[in-house]
Amino acid sequence: MARLTEIAWEEFEQLPLEAKRPYLANYNLPDTPYHTLFAQQFDKPLLERLAALANRIRFMAKTKEGALYLKSLLPHKRAMLYFSQPSSRTFLSHLAACQILGLTTGSVRDAATSSEFKGESHEDSIRTFSSYFDMIIMRTPEKGLAEHMAWELSNSSRPIPILNAGSGKDQHPTQALLDIYTLLRSFEMKGGLRNRTVTFCGDLLRGRTVRSLSYLLTNFENIRQVFVAPRELQVPEDVLAILKEKGVSYALSDNLREAVSLSDAVYMTRIQDEWDLSKGDSARIDTSHFKFGAEELKLLPKEGVIMHPLPRRDEIATCCDHDPRAMYWRQMRNGMWIRSALIAMTFGFEQQIMCFGA
Ligand code: CP
């Protein structure tokens with residue numbers, strides 16, 4: 001059994017992401033994540049377990065009896081939502097997930113309102129949260145901070161799980177979980193999530209959701225990935241290296257309309273100009289051909305879906321919003337269900353929920 005307490009940080013940090021997976025598992029339930037830090041922790045059986053648990057929670061939450069049962073599971077646990085980057089959906093859906101399961105919550109949404117303003121390090125802040133809470137759900141601009149804190153907390157006298165709610169330009173694993181859940185639901189009655197083409201479009205260089213989802217899709221059979229972006233914002237080499245290593249078919253393109261006509265799912269993303277090195281860098285890139293509107297809607301196959309992690313700017317025209325293939329609103333709500341499933345699983349309540357009413 002691999003344990004974070006038995007490996008030095010310097011050694012752990014250097015491991016390939018897939019090799020880190022066993023160290024991040026629950027010691028008593030080795031197939032279940034304890035810390036959730038990267039998409040590389042999730043294989044197909046685990047994704048299917050999570051989707052089944054999310055479905056179960058979704059149906060239970062519709063009845064008073066089911067909702068009260070869910071709420072009775074974790075009233076003895078408290079979660080800290082530490083978001084030092086802006087968020088609407090990830091923050092609120094984690095908050096709602098905690099409420100569904102009966103956890104109480106605290107939050108810091110701006111480091112300027114915590115003692116970090118007085119010079120306290122992120123590390124000391126997070127150690128402080130662990131004194132009062134039983135889980136930390138964190139979003140930060142720093143790549144690797146969630147991972148480092150997971151190691152630190154596991155080696156402290158108060159080990160508690162960390163959920164990475166978005167780290168730097170690097171990973172957004174719970175977003176990728178809700179994206180996969182949305183794809184599984186979208187194709188459930190249409191032959192399943194296999195033999196599909198998924199097109200990513202927009203700022204693929206700096207979109208952390210793309211890196212995480214591209215990896216998760218490699219768990220499914222024969223999913224071709226197409227990356228449509230301006231040359232300056234094309235998908236980074238490390239994402240392609242994984243696809244090459246896994247023998248996944250992919251293509252790079254600058255022709256959205258052609259890609260849409262051949263796609264089962266189109267995953268639009270916004271330009272992430274908050275990462276510009278100099279203000280206005282992104283505005284100098286011609287992104288006009290990387291928007292989904294009425295013309296693209298005509299080209300999308302009948303059973304295709306349009307997705308977006310949101311927030312959007314103008315990369316999906318609002319005229320698409322009422323088309324039955326526009327999945328982004330349902331995708332957003334799916335975040336609440338899959339995050340409820342992940343939190344319940346992290347605290348070891350999967351079987352109890354799955355057996356409800358049996
Ligand atoms: N998709 C996503 O991460 O949205 P927020 O930034 O609103 O949380």
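Keep in mind that the numbers below use all heavy atoms, side chains included, and drop hydrogens, waters and symmetry copies. For ligands, and for the atoms within them, numbers begin at 1 and follow the listed sequence.
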Exercise. Report, in ascending order of atom number, the atoms of ligand 1 lying under 4.0 Å from any heavy atom of S88.
Key: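 That gives atoms 5 (P), 7 (O), 8 (O) of ligand 1.
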
Practice problem: Give the atoms of ligand 1, by number and element, whose distance to some non-hydrogen atom of H172 is under 4.0 Å. | Solution: 3 (O)

Side-chain atoms of residues 231-240: list all donor-acceptor pairs with protein atoms under 3.5 Å, sequence neighbours left out, distances to 0.1 Å.
residue : atom : partner : partner atom : Å
Q234    : NE2  : F227    : O            : 2.8
Q234    : NE2  : S253    : O            : 3.4
E237    : OE2  : K244    : NZ           : 3.1
D238    : OD1  : R211    : NH2          : 3.0
D238    : OD2  : R211    : NE           : 2.9
D238    : OD2  : R211    : NH2          : 3.2

Quiz item: Can you tell me how far CG of L81 sits from CD1 of I136, rounded to the nearest 0.5 angstrom?
Solution: 10.5 Å

Quiz prompt | N or O contact, L310 vs ligand 1, cut-off under 3.5 Å | solution =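 Between L310 and ligand 1 (N or O atoms, distance only) the closest approach is under 3.5 Å.
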
Practice problem: Compute the shortest N/O to N/O distance between P309 and ligand 1 and return yes if it is under 3.5 Å, no if not. | Solution: yes

Self-check item: Residues S154 and H35: side-chain donor-acceptor under 3.5 angstrom
Solution: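 S154 vs H35: donor-acceptor pair found between side chains.
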
Quiz item: Hey, is NZ on K44 packed in by over 12 heavy atoms from elsewhere, all under 6.0 Å?
Solution: yes

Quiz prompt | Within one Ile-Leu-Val-Met-Phe-Trp-Tyr cluster: I306 and V226, side-chain cutoff 4.5 Å | solution =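 Yes, because I306 and V226 connect within a single hydrophobic cluster, where side-chain heavy atoms sit under 4.5 Å apart.
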
Practice problem: Would you mind finding which of R208, R139, R89, Q175 brings a heavy atom closest to atom 6 (O) of ligand 1? | Solution: R139

Practice problem: Could you tell me whether ligand 1 has any atom less than 4.0 Å away from a heavy atom of Q85? | Solution: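 Not so, Q85 does not reach ligand 1.
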
